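Single-structure report; data block below.
Just so you know, ligand 1 is whichever comes first in the structure, and atom 1 is the first atom listed for that ligand. Values reported hereafter were calculated over all heavy atoms of this structure, with side chains retained and with hydrogens, waters and symmetry mates removed. Just so it is clear, the model here is predicted, and its values are computed rather than measured.
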Amino acid sequence: MSSRSPTLAERLATKGRRLSEDGRFSYEEVQLALRNRGTPIEALRYEITPSGLHYLLTHFDMPEIDEGSWRLEIDGLVGRPLSLRIEDLKRMTGVTEPVTMECSGSGRAMVQPRPVGQPWNLDAVSTARWTGARLREVLEAAGVRPGTVDVVFWGADHGIERGEEHTYARSLALATAVRDEIILAYGMNGEPLQPQHGAPLRLVVPGWYGMASVKWLTRIEAIDRAFDGYQQYPNYHYRQTPDEPGVPVTAIRVRALMVPPGFADFFTRARVVKAGRTVLAGRAWSGFGVGIARVEVGINGIWRDAALGSQPGRYAWRAWRYEWDAAPGEYELVCRATDAEGDAQPVTQSWTVSGMGNNVVQRIQVLVRP
Ligand SMILES: Nc1nc2c(c(=O)[nH]1)N[C@H]1C(S)=C(S)[C@@H](COP(=O)(O)O)O[C@H]1N2
Ligand SMILES: [Mo]
């Protein structure tokens, strides 16, 4: 039997997602982790994440866009196709909304066996104040025609993912696309949108996992069928086996995170806390604008309710805190959120082929010293 190593063309045509065989992180995963950074978990302190600390997830390269000649085309099943400049969008009714965005892959690095891909720990979540025009107003101006099923949002970035060459694009069903909260954003935290977050214009779909919020928008297309571009299908589906159709990834799943107390060990991130009164604090959120009903803190297996605090907007996270009288010893701290619809975070992790939607509780190892 002759064996030769695959050519580059063969490697680029490889489909499907691999599982890590030995649990070790590969060079490619480290490379992705460096390109797509998370928010340092202590930045949960800020109700609005400073822009430079907002997590990033870019599948391919940031595209090169000349903002002078850039246009947003609105076409397909519309009565009046439009070609808009940023100034045209700025003349429409402006909205600013704080939105918590989370990547559906957050938590993937903790899944066993681990699906190989962007190896997020728990750091792919941030909150920004997005400013822009309402998508609804733009769709009304273009006159979306009857028979429209999906509205497709085309980015400017192009590449190959698991053997499929495509331009990044996602769709929303028409009934979703016309919802008031969806923003065509040209501003972030009071400043112009930066290149890594999709300048000059991105979609922001509050309450959905981040993949829906298409960056570097160039075209909005109304079509008479369900869109089946790679990032819509097969990607972003929950599956137990690679061959099943799966369930689309949509709403952010309920989660609470805690700012790790005390100080860190550089390598393990384990914590050292001085005995006495210690404030445990963090933020909790859920998808589709569903509020947070409860946050519990587990201290070596004993659960207590945390106090809920401020929430800057319907689609943004909510603060919580708990005062812990820490006695010397070794602890595992856990936090768990329940939303207003009764969905609670699992204490043991779920598994999917893609490692998406893993909202298992965070666990922090703490040494309390006298
Ligand atoms: N055009 C385009 N839009 C995109 C992506 C992308 O790679 N290309 N990544 C998506 C994913 S998976 C996430 S989680 C969010 C991340 O947005 P951010 O990088 O501004 O935090 O953007 C989404 N929009
Ligand atoms: Mo994502």
(message) List ligand 1 atoms under 4.0 Å from S213, heavy atoms only on the residue side.
(response) 22 (O), 23 (C), 24 (N)
(request) Assess the pair H166 and F60: is the distance between their ring centroids shorter than 6.0 Å? (result) yes
(request) Would you please determine whether R202 falls within less than 4.0 Å of ligand 1 on a heavy-atom basis? (result) yes
(message) Between E296 and R336, does any NZ, NE, NH1 or NH2 come within less than 4.0 Å of an OD or OE carboxylate oxygen?
(response) yes
(request) Would you check if D157 and T167 make a side-chain contact, meaning some heavy-atom pair closer than 4.5 Å? (result) no
(request) Could you tell me if any non-hydrogen atom of W154 lies under 4.0 Å from any atom of ligand 1? (result) no
Quiz: residues 258-268 side-chain donor-acceptor pairs under 3.5 angstrom, not counting sequence neighbours:
residue	atom	partner	partner atom	Å
D265	OD2	T268	N	3.1
D265	OD2	T268	OG1	2.5
T268	OG1	A270	N	3.1

(message) What protein heavy atom lies closest to atom 14 (S) of ligand 1? Include the residue and the distance to one decimal.
(response) Y55 OH, 3.1 Å
(request) Please confirm whether T58 comes within less than 3.5 Å of ligand 1 when only nitrogen or oxygen atoms on both sides are compared. (result) no
(request) Answer with side chain, backbone, both or neither: which part of Y209 has a heavy atom less than 4.0 angstrom from an atom of ligand 1? (result) neither
(message) Using a 3.5 Å cut-off on N or O atoms only, is C103 in polar contact with ligand 1?
(response) no
(message) If we set the cut-off at 4.0 Å for heavy atoms, which region of D157 has an atom near ligand 1: side chain, backbone, both, or neither?
(response) side chain
(message) Under a 4.0 angstrom heavy-atom cut-off, which atoms of ligand 1 come close to W216?
(response) 1 (N), 2 (C), 8 (N)
(message) On the six-membered ring of Y315, is R179 placed so that its NZ or CZ lies under 6.0 angstrom from the centre and within 45° of the ring axis?
(response) no
(request) Run the numbers for me: atoms of ligand 1, each under 4.0 Å from some heavy atom of M211, listed by number. (result) 10 (C), 11 (C), 12 (S), 13 (C)
(request) Identify, by atom number and element, the atoms of ligand 1 in contact range of L56, meaning under 4.0 Å from any of its heavy atoms. (result) 19 (O), 21 (O)
(message) Is there a side-chain contact between W208 and T176 in this structure, where contact means two heavy atoms from C-beta onward sitting under 4.5 Å apart?
(response) yes
(request) Write down the atom of L44, the atom of R283, and the distance for their closest heavy-atom approach. (result) O-NE, 2.6 Å
(request) Please say whether K215 places an N or O atom under 3.5 Å from an N or O atom belonging to ligand 1. (result) yes
(message) Distance under 4.0 Å to a non-hydrogen atom of Y236: what atoms of ligand 1 satisfy this?
(response) 12 (S)
(message) Minimum heavy-atom separation for V254 and Q345, please, with both atom names.
(response) O-CG, 3.2 Å
(request) State the atoms of ligand 1, each with its element, that fall below the 4.0 Å cut-off from a heavy-atom position in H54. (result) 21 (O)
(message) Closer than 4.0 Å to some heavy atom of M101 - which atoms of ligand 1 meet that?
(response) 17 (O)
(request) For a side-chain hydrogen bond (donor to acceptor under 3.5 Å, both in side chains) with T127, tell me which candidate from T39, T49, T100 qualifies. (result) T100
